[in-house]
Visitor: 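Got a structure for you, written out below as structure tokens; questions coming shortly.
Throughout, residue positions are numbered sequentially from 1 according to the sequence presented.
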Amino acid sequence: MKIFLLPGLYNSGPGHWQSLWETSLPDVERVQQTNWEQPDRDLWVQTLSAAINVCDDDIVLVAHSLGCALTAWWVAQDCPGVLDKSKVKAALLVAPPGVNRGNFPAPSFAPMPTTSFPFPVKVVASADDPWCEIEVAENWARLWGATFHNIGAYGHINGDSGLGGWKQGQDYLSSMLNEIRAGRKN
């Protein structure tokens, strides 16, 4: 099972839990976008599809912030260009951003798609995220058919949140992987 990290705007810095997972967990790979500062939705979707196509294993997407919107757009556009859509087994979406806000710095990602996901999804949000109200994140989770987790007041659940390797997030990921593996045995 391959874990694809989908960072948000400006990528994830060295203190971000995604970067720490990349260096400490097995089978983790960051999907590298060509422009982290001025993201273009269509290019980001194409890059994700290309990464999925060259992967020979099943995949779990682990997205943060704008990476959540990327995942939602990829699903809403029916996984464009992906040769085997069944490779993506689940997604962990952390701190989805309020792309519908007028001042959001990546306008090509608005509005947030509300298409139901064809695979299991967990959405994790913070009660005091400056980029998205908890009620908005919870509503998106409901529309996507996701399990929703409010982890309390941890800001944007990023490097500034003081989470380090974010053990709770690793537990969410482990739970998803165990569920996928259990499903394979049946």
Visitor: Who passes side-chain contact (heavy atoms from CB on, under 4.5 Å) against Q46, sequence neighbours left out?
Guide: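 Per chain and number, Q46 pairs via side-chain contact (heavy atoms from CB on, under 4.5 Å) with L43.
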Visitor: Could you tell me which residues satisfy side chain to side chain donor-acceptor pair (under 3.5 Å) with W44, sequence neighbours excluded, listed by chain and number?
Guide: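 Partners of W44 by the side chain to side chain donor-acceptor pair (under 3.5 Å) criterion come out as none, since no residue qualifies.
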Visitor: Determine all donor-acceptor pairs shorter than 3.5 Å in which one atom belongs to a side chain in residues 104-118; sequence neighbours excluded.
Guide:
residue, atom, partner, partner atom, Å
S108, OG, R41, N, 3.0

Visitor: State which residues pass side chain to side chain donor-acceptor pair (under 3.5 Å) with T71; sequence neighbours excluded, sorted by chain then number.
Guide: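 Partners of T71 under the side chain to side chain donor-acceptor pair (under 3.5 Å) test: none.
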Visitor: Which residues pass the salt bridge (charged side-chain N to carboxylate O under 4.0 Å, His left out) test with D171, sequence neighbours left out?
Guide: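 Listed in chain order: K167.
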Visitor: Not counting sequence neighbours, which residues clear side-chain contact (heavy atoms from CB on, under 4.5 Å) with L20? List them please.
Guide: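 Checked L20 against side-chain contact (heavy atoms from CB on, under 4.5 Å); zero matches.
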Visitor: Suppose we screen for side-chain contact (heavy atoms from CB on, under 4.5 Å). Which residues come up paired with V136, at least two apart in sequence or across chains?
Guide: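 Applying side-chain contact (heavy atoms from CB on, under 4.5 Å) to V136 gives C132, E133, W140.
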Visitor: Output all residues satisfying salt bridge (charged side-chain N to carboxylate O under 4.0 Å, His left out) with E138, sequence neighbours left out; order by chain, then residue number.
Guide: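 Testing E138 for salt bridge (charged side-chain N to carboxylate O under 4.0 Å, His left out), a comparison that skips the adjacent residues, returns none.
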Visitor: Sorted by first residue and then second, give each salt bridge (Lys or Arg N to Asp or Glu O under 4.0 Å) pair with at least one member in residues 108-130; sequence neighbours left out.
Guide: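 Of all non-adjacent pairs touching residues 108-130, none passes salt bridge (Lys or Arg N to Asp or Glu O under 4.0 Å).
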Visitor: Who pairs with N103 by side chain to side chain donor-acceptor pair (under 3.5 Å), at least two apart in sequence or on another chain?
Guide: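 Side chain to side chain donor-acceptor pair (under 3.5 Å) check on N103 returns nothing, list empty.
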Visitor: Which pairs with one or both residues in residues 146-163 pass salt bridge (Lys or Arg N to Asp or Glu O under 4.0 Å), sequence neighbours excluded?
Guide: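 Applying salt bridge (Lys or Arg N to Asp or Glu O under 4.0 Å) to every pair that reaches into residues 146-163, excluding sequence neighbours, yields nothing.
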Visitor: Output all residues satisfying side chain to side chain donor-acceptor pair (under 3.5 Å) with D40, sequence neighbours left out; order by chain, then residue number.
Guide: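 Checked D40 against side chain to side chain donor-acceptor pair (under 3.5 Å); zero matches.
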